[in-house]
Amino acid sequence: MAHLICELAARLEAVGLVKDGCFQMPMTQRHVADACGLSIVHVNRTIQELRHRRLIAWEGGEIELLQPDELRDLADFTPDYLT
């Protein structure tokens, strides 16, 4: 989940759709679970853990990266392959 959020943020930032660490997330947790082949329970628990660690805020259709560097470290995310 952390990697997916980082990748979405990197792709949206490249086209100017991230503002102050926030971006619109039109997918629900159910959509994310279906797209990733995960259970909705697993997705929800993982998102709750990311919230608990104060790495993200996900309210309604918006995600805010509270600690983007720490989130990228947790996800072992490097955007090099996106270019």
**Q** So how far is it from Met1 CE to Gln29 CD, rounded to the nearest 0.5 Å?
**A**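 So the gap between those two atoms works out to 7.5 Å.
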**Q** Is there a side chain to side chain donor-acceptor pair (under 3.5 Å) between Ser39 and His42 once you walk through the steps?
**A** CA-CA 5 Å; Ser39 73; His42 180 74; 5.6 Å; no
**Q** For side-chain contact (heavy atoms from CB on, under 4.5 Å), just list the numbers for Phe23 and Glu62, CA-CA rounded to whole Å, side-chain angles, deciding distance to a tenth of an Å, and then say yes or no.
**A** CA-CA 6 Å; Phe23 62 91; Glu62 183 174 86; over 6 Å; no
**Q** Identify whether the distance between the nearest side-chain nitrogen and carboxylate oxygen of Arg11 and Glu7 falls below 4.0 Å.
**A**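 The answer is yes: the pair qualifies as a salt bridge.
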**Q** As an exercise, state the distance from CE of Met27 to CG of Leu4, rounded to the nearest 0.5 Å.
**A**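 Going from the CE atom of Met27 to the CG atom of Leu4 covers 6.5 Å.
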**Q** With a 4.5 Å limit on heavy-atom distance, are the side chains of Leu17 and Gln24 in contact?
**A**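 Side chain of Leu17 against side chain of Gln24, heavy atoms only: no contact under 4.5 Å found.
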**Q** Run Leu12 and Val18 through side-chain contact (heavy atoms from CB on, under 4.5 Å) and show every step you take.
**A** CA-CA 6 Å; Leu12 290 170; Val18 175; 3.8 Å; yes
**Q** For Leu50 and Leu74, what are the C-alpha separation, side-chain angles and deciding distance, and is it a side-chain contact (heavy atoms from CB on, under 4.5 Å)?
**A** CA-CA 10 Å; Leu50 295 174; Leu74 176 68; 3.6 Å; yes
**Q** Would you say the side chain of Val32 lies within less than 4.5 Å of the side chain of Ile40, judging by non-hydrogen atoms?
**A**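 No; the side chains remain at least 4.5 Å from each other.
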**Q** Quick check: are there more than 12 heavy atoms from other residues, nucleotides or ligands sitting under 6.0 Å from CZ of Arg51?
**A**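 More than 12 within 6.0 Å, yes.
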**Q** Evaluate the ring planes of His3 and Phe77, with Trp represented by its six-membered ring, and classify them as parallel (under 30°), tilted (30 to 60°) or perpendicular (over 60°).
**A**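 Taking Phe77 first and then His3, their aromatic rings stand perpendicular (interplane angle over 60°).
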**Q** Would Val15 and Met25 show up in the same hydrophobic cluster when neighbours are defined by side-chain heavy atoms closer than 4.5 Å?
**A**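 Shared cluster, yes.
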**Q** Nearest 0.5 Å please: distance from the CD atom of Glu70 over to the CZ atom of Arg53.
**A**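 Those atoms lie 11.0 Å apart.
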**Q** Does atom CG (Asp76) have a neighbourhood of more than 12 heavy atoms from anything else shown, all under 6.0 Å?
**A**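 Count not over threshold, so no.
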**Q** To the closest 0.5 Å, what do you measure between CG (Leu65) and CD1 (Ile56)?
**A**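 It comes to 8.0 Å.
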**Q** Does the Arg72 side chain pair with the main chain of Cys6, one donor and one acceptor, at a distance under 3.5 Å?
**A**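 No.
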**Q** Please determine whether side-chain contact (heavy atoms from CB on, under 4.5 Å) holds for the pair Leu66 and Leu55, giving the CA-CA distance in whole Å, both sets of side-chain angles, and the decisive distance to 0.1 Å.
**A** CA-CA 5 Å; Leu66 301 174; Leu55 297 174; 5.9 Å; no
